[in-house]
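Note sheet for the following structure.
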Amino acid sequence: MKLTEHFEKQHLSLSFEVFPPKTSSTFESVKHATEAMALLHPAFMSVTYGAGGGTSQYTLEIAKHIQEQYGVPTLAHLTCVSSTRETVRARIQELKESGIENVMALRGDLPAEMVGQDRSHWDYRHAVDLIRELKESGADFCIGGACYPEIHPESINQAEDIYYLKEKVDAGLSFLTTQMFFDNNLLYNFLYKIREAGISVPVVAGIMPITNANQVDRAIKLSGSFMPQRFKTLVDKFGSDPFAMKQAGIAYATDQIIDLYANGITNVHVYSMNKPEVAAKIQSNISDILKT
Ligand code: FAD
């Protein structure tokens with residue numbers, strides 16, 4: 001099923017994310033976690049892609065498995081910046097042949113050795129190049145792209161970031177998924193600005209439940225996200241107690257989701273990080289709300 005069909009619905013729905021194993025030795029445990037999440041019947045599940053190899057071979061395998069065995073629509077991520085045109089075209093062909101209908105088109109983070117390099121000879125410099133490649137492939141993919149309510153760390157300012165976001169949407173995106181954020185006002189502000197800029201595709205709000213204190217630094221480093229004082233206080237109080245921190249992090253994410261829905265946001269993507277119990281808890285916390 002193409003996700004464009006799903007986005008037409010007006011009630012709250014949750015989707016979950018899994019990341020593939022880095023080695024074959026952990027494949028089975030990731031597969032089990034994935035299956036447990038699929039049994040929660042999310043609106044869709046996304047499977048991330050390890051830029052430059054590593055986990056990339058498993059993305060397709062897992063996405064195909066969830067779709068075929070559990071009937072849950074999948075969104076396979078694909079990155080381009082550290083790949084050759086030949087590799088990307090081969091991956092697109094595999095997606096097509098496997099019956100994957102939804103693709104998240106990403107640039108990917110620049111590997112350290114590529115930062116500061118002359119980009120003129122790269123096959124792909126930005127996500128927009130991949131979106132064009134997907135469109136030209138002849139497959140009728142529903143294509144999603146990433147967006148950043150707090151701007152992408154490499155952008156000079158939000159106006160520039162939104163300018164290039166519009167270029168991506170105009171190249172053929174059907175929807176956007178946001179980077180994680182911990183203050184909903186940042187999203188509301190961002191939505192206002194992108195709508196004003198003429199970007200009208202559905203935006204899926206990305207929520208990361210922080211379930212242990214170590215995740216906080218990693219999340220900030222990865223996303224540059226602003227941590228509201230309310231969240232910092234919670235980490236200070238419960239960070240040293242793993243069980244209490246997990247409960248508090250899930251409660252915080254639940255609270256964000258309820259506020260999003262109350263403000264008209266219907267599509268929420270939970271960065272569930274291969275933790276089915278976290279996805280299940282959030283879902284059960286809002287079970288009645290999900291019925292409205
Ligand atoms: P782009 O859209 O290319 O933007 C990157 C930067 O370049 C921005 O500053 C933008 O303003 C600028 N820019 C864009 N187009 C142009 C242009 N034409 N000219 C000049 N500047 C331009 N990474 C993975 O490796 N695997 C994943 O599975 C994965 N999934 C993700 C899912 C989501 C929802 C998000 C938010 C991120 C994900 N990432 C993933 C991380 C992502 O690859 C990085 O954030 C990366 O640095 C940027 O990717 P992008 O697709 O947003 O890039």
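For ligands, and for the atoms within them, numbers begin at 1 and follow the listed sequence. Heavy-atom basis, side chains included; hydrogens, waters and symmetry copies ignored. Because the structure is predicted, anything quoted here is derived from the model rather than measured.
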(request) Could you point out which residue of Phe175, Phe44, Phe7 forms a ring-ring contact (aromatic ring centres under 6.0 Å, His included) with His269? (result) Phe44
(request) Closest by any non-hydrogen atom to atom 8 (C) of ligand 1: pick that one out of His152, Glu167, Gln179. (result) His152
(request) Check step by step if side-chain hydrogen bond (donor to acceptor under 3.5 Å, both in side chains) holds for Thr84 and Thr87. (result) CA-CA 5 Å; Thr84 62; Thr87 305; 2.8 Å; yes
(request) Would you check whether Glu154 has a nitrogen or oxygen atom less than 3.5 angstrom from a nitrogen or oxygen atom of ligand 1? (result) no
(request) Any chance you could measure Phe231, atom CZ, to Asp236, atom CG, to the nearest 0.5 Å? (result) 10.5 Å
(message) Does the residue Gly108 have a heavy-atom contact with ligand 1, meaning some pair of atoms that are separated by less than 4.0 Å?
(response) yes
(request) Run down the list Leu106, Val204, Leu75, Val128 and name the one with the heavy atom closest to atom 31 (C) of ligand 1. (result) Leu106
(request) Name all residues meeting the salt bridge (Lys or Arg N to Asp or Glu O under 4.0 Å) criterion together with Glu133; count only those two or more places apart in sequence or in a different chain, and write none if there are none. (result) Arg85, Arg89
(request) Answer yes or no: does an N/O atom from Glu160 fall short of 3.5 Å to an N/O atom of ligand 1? (result) no
(message) Just to be sure I'm reading this right: ignoring hydrogens, which of Tyr164, Tyr148, Tyr163 gets closest to atom 49 (O) of ligand 1? Compare them by their nearest heavy atoms.
(response) Tyr148
(request) Record the part of His77 in heavy-atom contact with ligand 1 below 4.0 Å; permitted values are side chain, backbone, both and neither. (result) side chain
(message) If the cut-off is 4.0 Å to any non-hydrogen atom of Lys168, which atoms of ligand 1 fall inside it?
(response) 2 (O), 51 (O), 52 (O)
(message) Using a 4.0 Å cut-off to any heavy atom of Ala146, which atoms of ligand 1 qualify?
(response) 35 (C), 36 (C), 52 (O)
(request) Go through ligand 1 atom by atom and flag the ones less than 4.0 Å from a non-hydrogen atom of Met104. (result) 34 (C)
(message) Just checking Gln229: does its CD atom have more than 12 heavy atoms from other residues, nucleotides or ligands closer to it than 6.0 angstrom?
(response) yes
(message) Tell me whether Thr48 has any N or O atom under 3.5 angstrom from an N or O of ligand 1.
(response) no
(message) Out of the candidates Gln215, Lys246, Arg218, Met180, only one should pair with Ile210 under the side chain to side chain contact (heavy atoms under 4.5 Å, CB included) rule; please name it.
(response) Gln215
(request) Enumerate the atoms of ligand 1 whose separation from the nearest heavy atom of Thr79 is less than 4.0 angstrom. (result) 24 (C), 25 (O), 26 (N)
(request) Determine whether more than 12 heavy atoms belonging to other residues, nucleotides or ligands lie under 6.0 Å from atom CD of Gln247. (result) no
(message) Please determine whether a side-chain nitrogen of the Lys or Arg among Lys166 and Asp170 lies less than 4.0 Å from a carboxylate oxygen of the Asp or Glu.
(response) yes
(message) Pairs of nitrogen or oxygen atoms closer than 3.5 Å, one from Gly50 and one from ligand 1: do any exist?
(response) no
(message) Within a 6.0 Å radius of atom NZ on Lys96, are there more than 12 heavy atoms belonging to other residues, nucleotides or ligands?
(response) yes
(message) Please report whether ligand 1 has a polar contact with Thr178, defined as an N or O pair separated by less than 3.5 Å (distance criterion only).
(response) no
(request) Quick one: list whatever passes salt bridge (Lys or Arg N to Asp or Glu O under 4.0 Å) with Glu154, sequence neighbours left out. (result) Arg107
(message) When you measure from the heavy atoms of Glu17 to every atom of ligand 1, does any distance fall below 4.0 Å?
(response) no
(request) Can you figure out which of Tyr271, Tyr49, Phe19 has its heavy atom closest to atom 25 (O) of ligand 1? (result) Tyr49
